[in-house]
Amino acid sequence: MRGFLLNRLSQSLILLLIVSVIGFFVLNLLPGGPLAQFGLDPSMTQDDLDRLKEQLGLNRPLLMQYLDWAWRLLQGDWGHSFRDGAPVLAVIGRHVFATLLLMGSSTAIAIAIGTWIGIRGATHRYSLFDYMATVGAMVALSIPTFWFGLVGIYIFSLQLGWLPAGNMYTIGDGSVLNYLHHLILPSIVLSLVHVAIWSRYMRSATLDAISQDFVKTARAKGLSERRVIMKHVVGNALLPMITLAGVQLPSILTGALVTETVFTWPGMGRLFLDSLGYSDYPVVMGLLMFSAILVILGNLIADIAVALVDPRIRLG
């Protein structure tokens, strides 16, 4: 187990290094550069821009800038925002809870509904329900998330008035129920695509488990079909789903970026777009690294969970 953990940890560190290098160099080679927003100010002269470059260390070779940034990152200094001078970690920290709340609720919805649809589709293969679930999954995967968001706002907010059209809470009302009321629509919209993915994978894993010899043996012993499915099939079908949960993290983060924009949800996705538009490179790089750490950590936890459940993986 120790060797397995060290192998996964070393792979994660290498991947994090690659992400930081690509992200830093691509971001700094974009047209306009880090000072693009300052250049739009008509009162800024070229001398002012040169002075800013020197103060921020942007007049050095790009490789030296990266090494200095990486060294400070390892020491816990993620830099300061170009917009207001606030520490990057503090800026990100103000938006982490909103994103994790949205991601957590949408993931829980996707797992619960997707698992049920997948199991029922596999146990009722080629039934009307199975066909409808397949068509529904294809539709959900074909239509972009922002379209579902706009349609949801139009129907449930503008026409019916059941749910808020955006924001995380009503100003002046910080109750839990108010938070949940605002959370319903964006979490459902974000979960739609993942319900489709989860249900398809769960259906396939359940069909694979049903065809195994131990299921035929359980049926031959006279166990009820419900007991066979719940005790022998579902447990084995859920094993690859643990890995899927880790793999889905990047797409959930991407979907959160779109969903937060549509619903003006004050999370990291909206902060990323705002910072990118302002050319606030320290915050953009901080968000990139924070998201990469979150995704890598999620995959690492998923790998460890699978290894604990299935010794063949860690001993293979």
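All values reported here derive from a predicted model rather than from experimental measurement.
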Taking [X] for the side chain and [Y] for the main chain, is one N or O donor matched with an acceptor at less than 3.5 Å?
X	Y	value
Thr115	Ala112	no
Thr99	Met268	yes
His181	Trp162	yes
Asp280	Ser81	no
Ser20	Leu17	yes
Ser204	Arg200	no
Ser199	Ala196	yes

List the atom of [X], the atom of [Y], and the distance in Å for their closest heavy-atom pair.
X	Y	answer
Phe146	Val262	CB-CG2, 3.9 Å
Val195	Ala110	CG2-CA, 3.5 Å
Val215	Val228	CG1-CG1, 3.7 Å
Ser275	Val283	OG-CG1, 3.2 Å
Val189	Gly149	CG1-N, 3.7 Å
Gly76	Leu89	O-CD1, 4.0 Å

Take a 6.0 Å sphere around [atom1] of [X] and say whether it holds more than 12 heavy atoms from other residues, nucleotides or ligands.
X	atom1	value
Arg72	CZ	yes
Tyr201	OH	no
Met138	CE	yes

Side chains of [X] and [Y], heavy atoms from C-beta outward: is any pair under 4.5 Å?
X	Y	result
Trp78	Pro87	no
Ile153	Phe263	yes
Ser187	Leu102	yes
Ile117	Met202	no
Thr107	His194	no
Leu190	Ile109	no
Trp265	Asn167	no
Met285	Val88	no

Got a salt bridge between Asp68 and Arg60, using NZ or NE/NH1/NH2 to carboxylate O under 4.0 Å? yes
Verify same cluster id: [X], [Y] (apolar side-chain graph, 4.5 Å):
X	Y	value
Leu128	Val135	no
Phe290	Ile18	no
Leu271	Leu276	yes
Val26	Val19	no
Ile111	Leu141	yes

side-chain contact (heavy atoms from CB on, under 4.5 Å) for Leu101 and Met168? Distances and angles first, verdict last. CA-CA 10 Å; Leu101 179 64; Met168 189 175 176; 3.9 Å; yes
Can you list the steps and then say if Val284 with Leu288 is a side-chain contact (heavy atoms from CB on, under 4.5 Å)? CA-CA 6 Å; Val284 173; Leu288 179 65; 5.5 Å; no
Of Arg120, Arg203, Arg125, which is the lone residue that meets salt bridge (Lys or Arg N to Asp or Glu O under 4.0 Å) with Asp130? Arg203
Is the ring pair [X]/[Y] parallel, tilted or perpendicular, if the boundaries are 30 and 60 degrees?
X	Y	value
Phe97	Tyr179	perpendicular
Phe129	Trp116	perpendicular
Tyr66	Phe24	perpendicular

